[in-house]
Number of protein chains: 2
Amino acid sequence: MFGVNFFHAERQAFINESNGDRVQKYITILKRTKLFSGVSEEEIASMLSCLDARLRHFQKGEYVLRQGESLADITVLAEGALHIQRDDYWGNRAIVNRVSVGDMFGEAYLAPESGAVLNDVIAVENSTVILFDVRRIITVCSSACRFHAAVIQNLFYALSEKNRILVQKLGYLSKRTTREKLIAYLSEEAKRQNSPSFTIPFNRQQLADFLSVDRSAMSKELCKMRDEGLLAFEKNQFRLL
Amino acid sequence: MFGVNFFHAERQAFINESNGDRVQKYITILKRTKLFSGVSEEEIASMLSCLDARLRHFQKGEYVLRQGESLADITVLAEGALHIQRDDYWGNRAIVNRVSVGDMFGEAYLAPESGAVLNDVIAVENSTVILFDVRRIITVCSSACRFHAAVIQNLFYALSEKNRILVQKLGYLSKRTTREKLIAYLSEEAKRQNSPSFTIPFNRQQLADFLSVDRSAMSKELCKMRDEGLLAFEKNQFRLL
DNA sequence: ATTGTTTCGTTGTAAAAACAACCGACTTGT
DNA sequence: ACAAGTCGGTTGTTTTTACAACGAAACAAT
């Protein structure tokens, strides 16, 4: 089987047998990612072996990365959804981030000095991950890959962007009260989705974990804000007033 | 004057007049930065114009970057010290980070999609900043700069590393209580400095801002922890027991 | 239809943090 | 030497949060 093949033989190349149509599916996905933005499908196909691309599949609930593991690959989520989360010594779970299709993850641990991965990455849906050898990406190969330079630029901008997102989340968490955290997050999300009415990708427990507050206290605060006329909501649909 | 020259004529090249010894001083500094790690002084000198390097000087207390400004340069601190900080609508100041000599900063806002700078950057000492055009760095020039590839790798690893540091700080801030935040920060710092006895680069107010807690409450908690025998401290010298 | 599960709101209580105000020890500048 | 400013600790009060426990609604499985 295709999936099992790649799962158990990590170093196997992306394109190997007569799995052209399946490969084509992932090339189509890659084409839409930031990493390969501006690179045609043909060029992606020709770069896959150059970059040592590999596939791995994960069932819902499975660990994609565990705290303490080390990582030497750039990873892109091709199907499904992941949560990057962290459990401290007494079970407090914080969702550091949510990974959607096309996102990279784990790229913070690729520098030679950086040690082991600090978070768990877990599949919240059945998921497929594509891995690339980091050294092959950032080492410019002389001639073969014309569009290697474009991928390097994309990678740089993606890292820069992720950096900004982390800074943004630091902005939420540096607020002292639950209300301030909610206002910071929700108004940012409204701005991002360009509408005072928007959907968040979390249920209550997940949002509380994301903002590192107690769920019931957050629920209380949300309802208080609703009663004060600051906002309206139903499930994960919010509207700022 | 040298400094005034560069301050008022931003686009002026790094090497221009008979300022060889002053330039040499900054080349020596750059050689020790992560960005130019593994690149010789001669090679740095030859790359400076290629990368459109510029100098700017700031007095203690001056703003290096303001919230809302945009940025198209990679910035390296050559002398002095900066604080990256954020004031919210009601004056709560959070020190997002401290920038030391050799560090890059502001690299989160370089992606075309990323908007304005979200934080203030302020000089806490008289400081000198070196700026490089980001597009010139990540666009591989065909022949001129042999060591351009090394700089690209360094830049990538630096961004990755900074990413990890942000994730780490998120780890501190996602703790719910002041005590937990202190323990997380201090034990991490002890690990980093490889000793249970270590110095932190903050005074109390700055540490409180860094961890986004109230100074007096933090002071109270520190003393309580000291009385419980968890740690000892004097000024910014700490020892975990 | 009923049982179990998940999600979300609610309540009361205990713990923790913010806030404000103040004090003493040290620096710094004149 | 002295005034002004900085820094860190302390205290008391108010506000906020965590925590635990419960209940209703929605949904899925048997």
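Chain naming here is simple, since letters A, B, ... match the order of the sequence lines and numbering starts at 1 in each.
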Suppose we screen for side-chain contact (heavy atoms from CB on, under 4.5 Å). Which residues come up paired with B/Asn154, at least two apart in sequence or across chains? B/Ser37

Please report, rounded to the nearest Å, how far the P atom of D/dA18 is from the CD atom of B/Glu180. 11 Å

Using side-chain hydrogen bond (donor to acceptor under 3.5 Å, both in side chains) as the criterion, list what pairs up with A/Ser187, not counting sequence neighbours. none

Give the nucleotide from the list C/dA18, D/dT16, C/dT7 with an atom nearest to the side chain of A/Arg176. C/dA18

Rounded to 10°, tell me the angle between the two end axes of the helix from C/dA1-D/dT30 to C/dT30-D/dA1, each built from five pairs. 50°

Can you name the side-chain contact (heavy atoms from CB on, under 4.5 Å) partners of B/Thr178, sequence neighbours left out? B/Leu182, B/Val213, B/Met218, B/Glu221

Residues which pass ring pair (Phe, Tyr, Trp, His ring centres under 6.0 Å) with B/Tyr185, listed by chain and number, not counting sequence neighbours: B/Tyr172, B/Phe210

Neighbour count >12 (heavy atoms, 6.0 Å) for atom CD, A/Glu234: no

Distances under 3.5 Å between nitrogen or oxygen atoms of protein and nucleotides 28-30 of chain C:
none

For the backbone of B/Glu107 and the side chain of A/Ser160, can you confirm whether one donor and one acceptor N or O come within less than 3.5 Å of each other? yes

In chain order, what residues pass the side-chain contact (heavy atoms from CB on, under 4.5 Å) check against B/Gln59, with sequence neighbours excluded? B/Glu62, B/Asn126

For residues 225-232 of chain A, which side-chain donor-acceptor pairs fall under 3.5 Å, sequence neighbours excluded?
unit_1, atom_1, unit_2, atom_2, d
A/Glu228, OE1, A/Arg179, NH1, 2.9
A/Glu228, OE1, A/Arg179, NH2, 3.4
A/Glu228, OE2, A/Arg179, NH2, 3.0

How does protein reach along nucleotides 20-26 of chain D, written 5' to 3' as B (base within reach of a heavy atom under 4.0 Å), S (only sugar-phosphate), or - (no contact)? B------

Looking at CZ of B/Arg215 and CG of B/Leu207, how far apart are the two atoms once the value is rounded to the nearest 0.5 Å? 11.5 Å

Tell me which residues in residues 217-227 of chain A put a heavy atom below 4.0 Å from DNA chain D, sorted by number, or none. A/Ala217, A/Lys220, A/Glu221

B/Lys175 NZ to C/dA17 P, in whole Å, measures 14 Å

Taking ring-ring contact (aromatic ring centres under 6.0 Å, His included) as the cut-off, I'd like each qualifying pair that reaches into residues 222-241 of chain A, sequence neighbours left out, listed once. A/Phe233-A/Phe238

For A/Tyr157, what residues pass the ring pair (Phe, Tyr, Trp, His ring centres under 6.0 Å) criterion, not counting sequence neighbours? none

Rounded to whole Å, please give me the gap between CG in B/Asn203 and C1' in C/dC26. 14 Å

